[in-house]
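One structure is given below, encoded as structure tokens.
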Number of protein chains: 2
Amino acid sequence: MAQTDTVTRILDTAEVLFAERGFAETSLRNITSKAKVNLAAVNYHFGSKKSLIQAVFARYLDPFTERFHAALDELEAKYQGEVIPLEELLETMARSVLEVPAERNSLKVFMKLLGLAYSQAQGHLRRYIQEHYGSVFTRFAALVRQATPDLPDAERFWRLHFMLGTVIFTLSGLDALRDIAEKDYGEHVSVRELIRRLRPVVVAGMNAPLPEPVGDALPAAG
Amino acid sequence: MAQTDTVTRILDTAEVLFAERGFAETSLRNITSKAKVNLAAVNYHFGSKKSLIQAVFARYLDPFTERFHAALDELEAKYQGEVIPLEELLETMARSVLEVPAERNSLKVFMKLLGLAYSQAQGHLRRYIQEHYGSVFTRFAALVRQATPDLPDAERFWRLHFMLGTVIFTLSGLDALRDIAEKDYGEHVSVRELIRRLRPVVVAGMNAPLPEPVGDALPAAG
DNA sequence: GTGGGACATAAACATTTGTTTTAAACATTA
DNA sequence: TAATGTTTAAAACAAATGTTTATGTCCCAC
């Protein structure tokens, strides 16, 4: 086995298994046996299972943040202080997200991992991501703010997260949904196809009219 | 300990712990010790951990489907064959979702569970839910179809899931989001508040213009 | 060539997991 | 009261988990 492709094989195998079954449900023995690597190699190279999980994310998020920053730089240069339209911002983000895993043909895995990062308890993960990659999102949020000056800050905050939910939820649960869709419509949807469908929905959601100020008819709930 | 409040205590404790930490991360010993109940009681009353998980869901979904069916009955009676407007349908669904856990003051738990049901691998759960509660959603989807006759079937299918993603993702990750929001804006958002904000976004998303037929500029991805 | 660092291997370790088993307590009915 | 079915209790079980150790192997600098 050449030098340290062991590390790569562990990461390659781990990300697939994590995406398929979740973190807690994937044992180190699952990973190492499928990767044809010794069990101890994980703790040797990564230190612990937690660190392995973070390393799996870093391999996606590091290139992503770099690319996304660069893309935003370009965009700011292009508009030279002018306000960047919302569509351009969303488009740029989508492109950045798509570019990275495209290199490794594993967008599906990336999306599943993102979904898990949000839903799964795994407190350490959310902290890790927020800590290491929060700055790009802050920058993005600031640009979105300029692009949507009529939106109250709180409203924009929530809508951004609504849209994030739409995208992550859809793309991370894609396999299951695709099964249903194929059964119902026979047509096989690609990720690009889905992105194409998502775009107008996301834009419309961001530009939706403001909610009525008060007094809806819904029942109270704790 | 009176007759079989053991079962109730197990369910009450299990749903909270499941919602907080996920299924795999919650051990039976966690549940039984916190519930002050013997370990063996779980296997005695429920048979297995899997069945316990399903029972936790059933306690929410059984009343929900019943209520939702009833609400749809009312709606159909009210409109007497006329097409039910989309807003009414969405409103009715929201109301039905909110009513059930409101009785037990645990909407947050319910939403977290829903999120887990989607994201977590747990194949048995998705199958269980689809099998036992799929019919209500089918009925709902048929009504939405009548309410949005201009939408191609496939488009409507995906948009419904987009919106489902928005709602579930937001409400299930609510605690984390709420923390951020409070830090940024100091304002504490209630669930009702969030629903009020969600509504126009969801409606706008469903009514968004159709996507451009082809040829977007996004890079290819597998 | 030899010593030393980097890595691989196999075995063992201590916990924790879900599940069973055995026995005792309880309640209900005859 | 005796007998029966139901529920709780404590302990034990086998399996699986993350992690560590001890040994072996390779390769490169000296």
Side-chain angles (χ1 to χ4, degrees), chain A residues 1-59 113 116-117 120-125 127-128, chain B residues 1-59 113 116-117 120-125 127-128:
Chain A
M1 194 168 305
Q3 37 182 1
T4 315
D5 84 334
T6 298
V7 168
T8 308
R9 304 179 58 167
I10 291 177
L11 286 173
D12 287 345
T13 311
E15 70 175 26
V16 170
L17 291 182
F18 283 154
E20 278 176 2
R21 352 217 267 231
F23 304 116
E25 294 88 344
T26 303
S27 72
L28 294 186
R29 285 170 176 80
N30 278 340
I31 297 171
T32 54
S33 73
K34 183 163 183 191
K36 293 200 206 317
V37 153
N38 191 271
L39 169 61
V42 171
N43 284 281
Y44 177 78
H45 286 288
F46 297 94
S48 69
K49 187 181 182 180
K50 275 211 288 216
S51 307
L52 170 62
I53 295 177
Q54 297 176 355
V56 165
F57 273 87
R59 205 163 57 138
L113 290 176
L116 284 175
Q120 205 105 341
Q122 296 286 0
H124 73 97
L125 231 193
R127 255 176 285 125
Y128 173 83
Chain B
M1 195 168 303
Q3 37 182 5
T4 315
D5 84 336
T6 298
V7 169
T8 308
R9 304 180 56 170
I10 292 176
L11 286 174
D12 286 346
T13 311
E15 71 175 26
V16 170
L17 291 182
F18 284 155
E20 279 177 0
R21 349 215 269 230
F23 304 116
E25 294 87 344
T26 303
S27 73
L28 294 186
R29 284 170 178 81
N30 278 341
I31 298 170
T32 53
S33 72
K34 184 165 182 188
K36 293 202 207 315
V37 153
N38 191 270
L39 169 62
V42 170
N43 284 280
Y44 176 78
H45 287 289
F46 298 94
S48 69
K49 187 180 182 181
K50 275 211 288 216
S51 307
L52 170 62
I53 294 176
Q54 296 176 355
V56 165
F57 274 86
R59 205 162 57 137
L113 289 176
L116 284 175
Q120 206 107 340
Q122 296 284 3
H124 74 97
L125 230 193
R127 254 177 284 126
Y128 174 82

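Computed from heavy atoms alone, side chains included, the values below leave out hydrogens, waters and symmetry copies. Just so we're on the same page: letters track the sequence lines, and every chain starts at 1.
We find that CG of A:L52 is positioned 15 Å from P of D:dT17, with the value rounded to whole Å. As a whole-Å value, the separation of A:I53 CD1 from D:dG18 C1' is 12 Å. In this structure, NZ of A:K49 is placed 15 Å from P of D:dA16, rounded to the nearest angstrom. Rounded to whole Å, atom C1' of C:dA8 lies 16 Å from atom NZ of A:K36. One can place CG of B:L28 at 4 Å from P of C:dG18, the figure rounded to the nearest angstrom. Rounded to whole angstrom, the span from the CD1 atom of B:I10 across to the P atom of D:dA9 amounts to 11 Å. Protein atom CZ of A:F46 is 16 Å distant from nucleotide atom P of D:dT20, rounded to whole Å. With rounding to whole Å, B:E25 atom CD is found 19 Å from D:dA16 atom P.
A:L11 is listed as a side-chain neighbour of A:L52, based on a closest heavy-atom distance under 4.5 Å. The side-chain heavy atoms of B:L28 and B:N43, taken from C-beta on, include a pair separated by under 4.5 Å.
With rounding to the nearest 0.5 Å, the separation of CD1 in A:I10 from OH in A:Y44 is 11.5 Å.
Among D:dA10, C:dT19, C:dA10, the nucleotide with an atom closest to any side-chain atom of B:N38 is D:dA10. For B:T6, the side-chain atoms get nearest to D:dT8 when compared with the rest of D:dT8, D:dT17, C:dG18. For B:H45, the side-chain atoms get nearest to D:dT8 when compared with the rest of C:dT17, D:dT19, D:dT8.
Using a 4.0 Å cut-off between charged nitrogen and carboxylate oxygen, A:D12 and A:K34 do not count as a salt-bridge pair.
Side-chain nitrogen and oxygen atoms of B:S27 include none within less than 4.0 Å of the OP1 or OP2 phosphate oxygen of C:dT16.
Relative ring orientation between B:F18 and B:F23 is described as perpendicular, the plane-to-plane angle rising above 60° on a 0-90° scale split at 30° and 60°.
Legend: residues meeting side-chain hydrogen bond (donor to acceptor under 3.5 Å, both in side chains) with B:S33, ordered by chain and number and at least two apart, are absent.
If you check every strand for non-hydrogen atoms under 4.0 Å, B:T26 touches sugar and phosphate atoms only.
The nearest pair of heavy atoms linking A:K49 to A:S27 is NZ-CA, 4.5 Å.
Position along DNA chain D of the nearest nucleotide to B:A41 versus A:V42 favours B:A41 as the more 5'-ward residue.
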Could you list, one pair per line, each protein nitrogen or oxygen that sits under 3.5 Å from a nitrogen or oxygen of nucleotides 20-23 of chain C, together with the distance?
none

